[in-house]
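When a ligand or atom number is given, it counts from 1 through the structure's own listing order.
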Amino acid sequence: MSETSASSTTKKSTTKKTTRSTKQDRVAIVSGLRTPFAKQATHFRGINAIELGKMVVNELIQKTELDPKVIERVVFGQVVILPEAPNIAREIVLGTPMDVHTDAYSVSRACATSFQSVASLAESIMAGDVSVGIAGGADSSSVVPIGVSKKLSLALVDLQKARTFGQKLSILKTLRPKDLMPVPPAIKEYSTGLTMGQNAEQMARDRGITRQEQDELAHRSHTLAAQAWEEGKLDDEVMTAYVEPYTKEPLSRDNVVRFNSTLEGYAKLRPAFDRKYGTLTAANSTPLSDGAAAVVLMKESQAKALGYEPLGYIRSYAFSAIEAAHDMLMGPSYATPKALKKAKLKLSDLDLIDMHEAFAAQTISNIQAFGSTQFAKEKLGQRTKIGDIDMDKFNVLGGSLAYGHPFAATGARMITQTLHELKRRGGGLGLTTACAAGGLGAAMILEVE
Ligand SMILES: CC(=O)SCCNC(=O)CCNC(=O)[C@H](O)C(C)(C)COP(=O)(O)OP(=O)(O)OC[C@H]1O[C@@H](n2cnc3c(N)ncnc32)[C@H](O)[C@@H]1OP(=O)(O)O
């Protein structure tokens with residue numbers, strides 16, 4: 001397995017503080033941490049999502065000096081589930097210094113999975129069920145469950161039921177060599193059979209979003225992410241990951257981010273999903289990657305009683321669902337107005353907007369929809385547009401196009417990153433929002449004092 005290291009902690013050495021009444025208690029995000037994100041089959045080759053999850057949670061407990069005994073619940077998720085251990089949350093409890101009696105369950109909401117794990121834990125805290133917990137997600141695109149063809153799967157079940165040699169032989173005779181080939185998981189929509197890239201191609205085509213516009217957004221994302229790393233802005237929220245063999249250099253930065261991004265480099269690439277007419281490439285699509293991210297949540301009064309100064313608080317969150325056959329990756333444009341309404345805020349009240357960049361085309365489509373009165377009227381049933389996005393507030397440290405997207409880890413990455421950035425700016429309100437497979441969307445508004 002792996003050892004890790006990270007820098008500062010958020011624990012204050014102060015004595016207990018006066019707590020607020022339960023009624024006024026908010027859900028505090030005390031700390032957040034992630035592994036560096038690594039491109040598929042690079043630094044985390046051979047390390048599965050559960051090990052990545054254990055790695056980050058272990059380090060988070062150490063970083064926060066949190067007594068493992070006070071952690072009452074772990075809510076975690078992985079999108080590509082390992083059949084041998086489907087409850088990643090429980091494996092994390094059993095594989096870290098947490099008390100064996102710590103409750104743990106796993107959730108799945110495709111690419112918005114750690115928005116869900118954070119929301120589920122927050123709900124338990126608000127309901128008074130638990131007061132301290134860890135939420136997050138992990139995914140590996142390097143260790144994936146390899147399946148078998150439908151024909152072989154059927155034959156294997158039938159073989160178990162067959163009584164005679166003759167019956168077994170006739171089942172085996174139905175198989176052809178191609179049926180014996182391993183089947184890797186596809187990033188496909190089950191209901192439509194379309195890949196995520198094909199969905200984004202449709203969105204680009206329908207809106208006339210050009211290759212140039214997509215490349216420019218991707219270049220912006222890499223440039224801002226590289227700058228964030230160079231300026232040390234991510235140092236406190238990304239751990240250093242040591243993996244076997246320990247002779248290998250540890251990874252302390254995302255190896256997906258391009259520190260020498262040039263727009264000319266993007267123009268050379270061939271379309272990835274529609275070879276002939278497509279505009280999506282490896283550069284303007286989020287790369288397949290491996291990583292994990294987690295946050296510590298507490299009831300505000302509990303955080304103060306334990307001597308923590310929270311990073312920030314959850315102001316509101318909302319999820320949305322639309323059809324999966326068309327414009328499937330528009331989740332932010334449906335979930336955001338719901339979260340704003342719940343928080344009694346307007347888009348212009350926000351100091352930062354962090355939108356998951358699955359594809360540049362999907363991001364631009366959502367930016368357009370936010371600023372469209374027609375979209376608001378026709379799709380949201382409201383008279384006014386969500387609001388024009390001020391690009392000076394938008395993905396100011398880059399986004400998933402640059403960092404990569406280990407599916408279930410992305411939400412917790414965005415939440416932690418936004419809270420730190422709000423804190424650097426002296427506080428304020430930030431939106432984090434993502435699209436997800438199945439036409440789902442997530443939005444969470446965070447506040448920092
Ligand atoms: C809700 C949601 O989030 S949906 C999204 C879910 N996620 C996805 O669907 C994943 C989408 N991404 C993918 O499937 C893959 O990353 C792909 C198909 C786009 C690309 O895969 P690959 O071809 O394996 O990418 P790879 O990393 O090898 O890059 C291909 C080439 O592009 C180059 N490249 C990639 N990014 C850049 C860049 N920013 N600038 C210049 N060149 C680049 C690489 O260097 C490489 O060049 P080479 O062939 O000369 O070595």
Show which side-chain atoms of residues 365-378 pair as donor or acceptor with protein atoms under 3.5 Å away, not counting sequence neighbours.
residue: Ser365; atom: OG; partner: Ala361; partner atom: O; Å: 2.7
residue: Asn366; atom: OD1; partner: Ser333; partner atom: N; Å: 3.3
residue: Asn366; atom: OD1; partner: Ser333; partner atom: OG; Å: 2.7
residue: Asn366; atom: ND2; partner: Leu329; partner atom: O; Å: 3.0
residue: Asn366; atom: ND2; partner: Gln362; partner atom: O; Å: 2.9
residue: Ser372; atom: OG; partner: Gln374; partner atom: N; Å: 3.3
residue: Ser372; atom: OG; partner: Phe375; partner atom: N; Å: 2.9
residue: Gln374; atom: NE2; partner: Glu378; partner atom: OE2; Å: 3.2

Could you pull out every donor-acceptor pair under 3.5 Å between side chains of residues 181-191 and any protein atom, sequence neighbours left out?
residue: Glu189; atom: OE1; partner: Gly438; partner atom: N; Å: 2.9
residue: Glu189; atom: OE2; partner: Gly438; partner atom: N; Å: 3.3

Show me the short polar-atom pairs for ligand 1: any N or O of it lying under 3.5 Å from a protein N or O, with distances only.
residue: ligand 1; atom: 3 (O); partner: His356; partner atom: NE2; Å: 2.8
residue: ligand 1; atom: 3 (O); partner: His405; partner atom: NE2; Å: 3.0
residue: ligand 1; atom: 12 (N); partner: Thr286; partner atom: O; Å: 2.9
residue: ligand 1; atom: 27 (O); partner: Lys39; partner atom: NZ; Å: 2.8
residue: ligand 1; atom: 34 (N); partner: Arg258; partner atom: NH2; Å: 3.3
residue: ligand 1; atom: 39 (N); partner: Tyr266; partner atom: OH; Å: 3.3
residue: ligand 1; atom: 45 (O); partner: Arg258; partner atom: NH2; Å: 2.9

* Asked: Regarding Arg109 and the six-membered ring of Phe319, is the cationic atom NZ or CZ under 6.0 Å from the ring centre and inside 45° of its axis?
  -> yes
* Asked: What residue pairs, at least two apart or across chains, pass salt bridge (Lys or Arg N to Asp or Glu O under 4.0 Å) with a residue in residues 310-330?
  -> Arg207-Asp327, Arg315-Glu447
* Glu230 bridged to Arg253 by N-O distance under 4.0 Å -> yes
* May I ask you to check whether His405 and Phe407 place their ring centers less than 6.0 Å from one another? => yes
